Chemist: 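I have a structure I would like to understand better, so I am pasting it below and will then ask my questions one at a time.
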There are 2 protein chains.
Amino acid sequence: MTQFGTYVNTARRSLQEHDRRYSLRQVAKRIGVEPGYLSKIERGQVAPPSEAATVRLAKELDQDPDVLLALGGKVSSDLQEVIRKRPRLFAQLIRELRDAPDHAVLRIVREVRDGDW
Amino acid sequence: MTQFGTYVNTARRSLQEHDRRYSLRQVAKRIGVEPGYLSKIERGQVAPPSEAATVRLAKELDQDPDVLLALGGKVSSDLQEVIRKRPRLFAQLIRELRDAPDHAVLRIVREVRDGDW
DNA sequence: GAAAGTGTGTAGTGTTTAGGAAACATGACG
DNA sequence: CGTCATGTTTCCTAAACACTACACACTTTC
């Protein structure tokens, strides 16, 4: 489960190369956590942070929040809310799509976006 | 948030009418919790139980686990896992479908089930 | 009228979550 | 050399989560 830490560390260090405002300390300060805590996160010494902190971190590092949340073993609470409002419907849909190939899911996304209902 | 308790209590009492094996105590015993705890759950005196206990309770009362989980403010972890495996894809899909009417979502479910990819 | 079964109230428990505070070691800079 | 800034380590904790244990009062059953 140190996937999360490695990912964050890599992303941050790649930004740090060109911009020294991306030191661990400065990033920690901007996202509102203690440096020691972020250090432990990057090194997988503690569990991934809360949803809120994860999202702040993702934005700070210019990463997709949903991806970083996933690495942290979480699912965005706004997605959960959508499911909880119509549990039968969405549970069925998601289970149906579990093994569908990416392009099939994407096709559906496009269909829906083009609003043909 | 006493939606959960009321729902459980109603479901159980309706079964209890015809079958006295559905007393609070016996149901509690079968799903593996203390009677006092189930009592508090039904009356909303404590937060809804864990996912595992919720699912056992739903099955015992012949209810849809996803619906009961939703009432408890949760989303089944197997659904979360599906999302976490392809976060960008599923996040996009679900957000796109947030305001879609039921019948539109259902149509998609049927399309997918009929496996036309 | 005892035994068994019903639901409820009070109190307390172990575990997990989500961090904070402060000190430490290292290297770069002026 | 002193002082920044960097990342790291150790120790600690407040709150939430998910329950258990047990005694109580009442009702039904035998």
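Below, chains carry the letters A, B, ... as their sequence lines are ordered, and counting in each starts from 1. All values derive from a computational prediction rather than experimental measurement.
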Chemist: Please report, rounded to the nearest Å, how far the C1' atom of D:dT9 is from the CD1 atom of A:I41.
Modeler: 15 Å

Chemist: Is A:E60 paired with A:R56 through a side-chain N to carboxylate O contact shorter than 4.0 Å?
Modeler: no

Chemist: Ignoring backbone atoms, test whether A:Q26 places a side-chain nitrogen or oxygen under 4.0 Å from the OP1 or OP2 oxygen of D:dT6.
Modeler: yes

Chemist: Select base, sugar-phosphate, or nothing to describe what A:E51 touches, counting heavy atoms under 4.0 Å on all strands.
Modeler: nothing

Chemist: Is the phosphate of D:dA5, meaning OP1 or OP2, less than 4.0 Å from a side-chain N or O of A:S23?
Modeler: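 A:S23 to D:dA5 OP1/OP2: no side-chain N or O under 4.0 Å.
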
Chemist: Contact class for A:R13 (heavy atom, under 4.0 Å): base, sugar-phosphate, or nothing?
Modeler: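 Touches nothing.
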
Chemist: Is the NZ or CZ atom of A:R30 positioned over A:Y22's six-membered ring, under 6.0 angstrom from the centre and within 45° of the axis?
Modeler: yes

Chemist: If only side-chain N and O atoms of A:S50 are considered, is one of them under 4.0 Å from the OP1 or OP2 phosphate oxygen of C:dT17?
Modeler: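 The answer is no; no side-chain N or O of A:S50 sits under 4.0 Å from OP1 or OP2.
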
Chemist: B:L38 CG to D:dC19 P: how many Å, rounded?
Modeler: 12 Å

Chemist: Let me know, please, whether B:Q16 or A:G32 comes out on the 5' side of the other along DNA chain C by nearest nucleotide.
Modeler: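 It is B:Q16 whose nearest nucleotide is closer to the 5' end.
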
Chemist: Phosphate oxygens OP1/OP2 of D:dT9: is one of them under 4.0 Å from a side-chain N or O of A:R43?
Modeler: yes

Chemist: In whole angstrom, what separates B:Y22's OH from C:dG7's C1'?
Modeler: 19 Å

Chemist: Which is it for B:K85 and B:F90 under the side chain to side chain contact (heavy atoms under 4.5 Å, CB included) test, yes or no, and what are the steps along the way?
Modeler: CA-CA 9 Å; B:K85 281 188 179 156; B:F90 277 93; over 6 Å; no

Chemist: Indicate whether OP1 or OP2 belonging to D:dT10 is found under 4.0 Å from a side-chain N or O atom of A:Q45.
Modeler: no

Chemist: Would you tabulate the pairs of protein nitrogen or oxygen atoms and nucleotide nitrogen or oxygen atoms of nucleotides 21-29 of chain D closer than 3.5 angstrom?
Modeler:
residue, atom, partner, partner atom, Å
D:dA21, OP2, B:E34, OE2, 3.4

Chemist: Between B:I108 and B:L97, is there a side-chain heavy-atom distance shorter than 4.5 Å?
Modeler: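 When only atoms from C-beta onward are counted, B:I108 and B:L97 do touch, with a gap below 4.5 Å.
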
Chemist: Following the transitive rule for hydrophobic clusters with a side-chain heavy-atom cut-off under 4.5 Å over Ile, Leu, Val, Met, Phe, Trp and Tyr, establish whether A:L89 and A:V109 coincide in one cluster.
Modeler: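 Per the 4.5 Å side-chain linkage, A:L89 and A:V109 are co-clustered.
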
Chemist: Taking the minimum atom-to-atom distance to the side chain of B:K74, which one of C:dG7, D:dT20, D:dA18 wins?
Modeler: D:dA18

Chemist: Hey, is the side chain of A:S39 poking within less than 4.0 Å of OP1 or OP2 on D:dG7, counting only N and O atoms?
Modeler: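 False: A:S39 side-chain N/O out of range (4.0 Å or more) of D:dG7 OP1/OP2.
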
Chemist: Do B:R43 and B:S39 pair up side chain to side chain, a donor and an acceptor below 3.5 Å, judged on atom types alone?
Modeler: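 Note: B:R43 and B:S39 side chains meet the donor-acceptor criterion.
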
Chemist: Could you check how far CG of B:L57 sits from C1' of D:dC19, rounded to whole Å?
Modeler: 15 Å

Chemist: With a 4.5 Å cut-off on side-chain heavy-atom distances among I, L, V, M, F, W and Y, is there a chain of contacts connecting A:V55 to A:I31?
Modeler: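 Hydrophobic grouping puts A:V55 apart from A:I31.
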
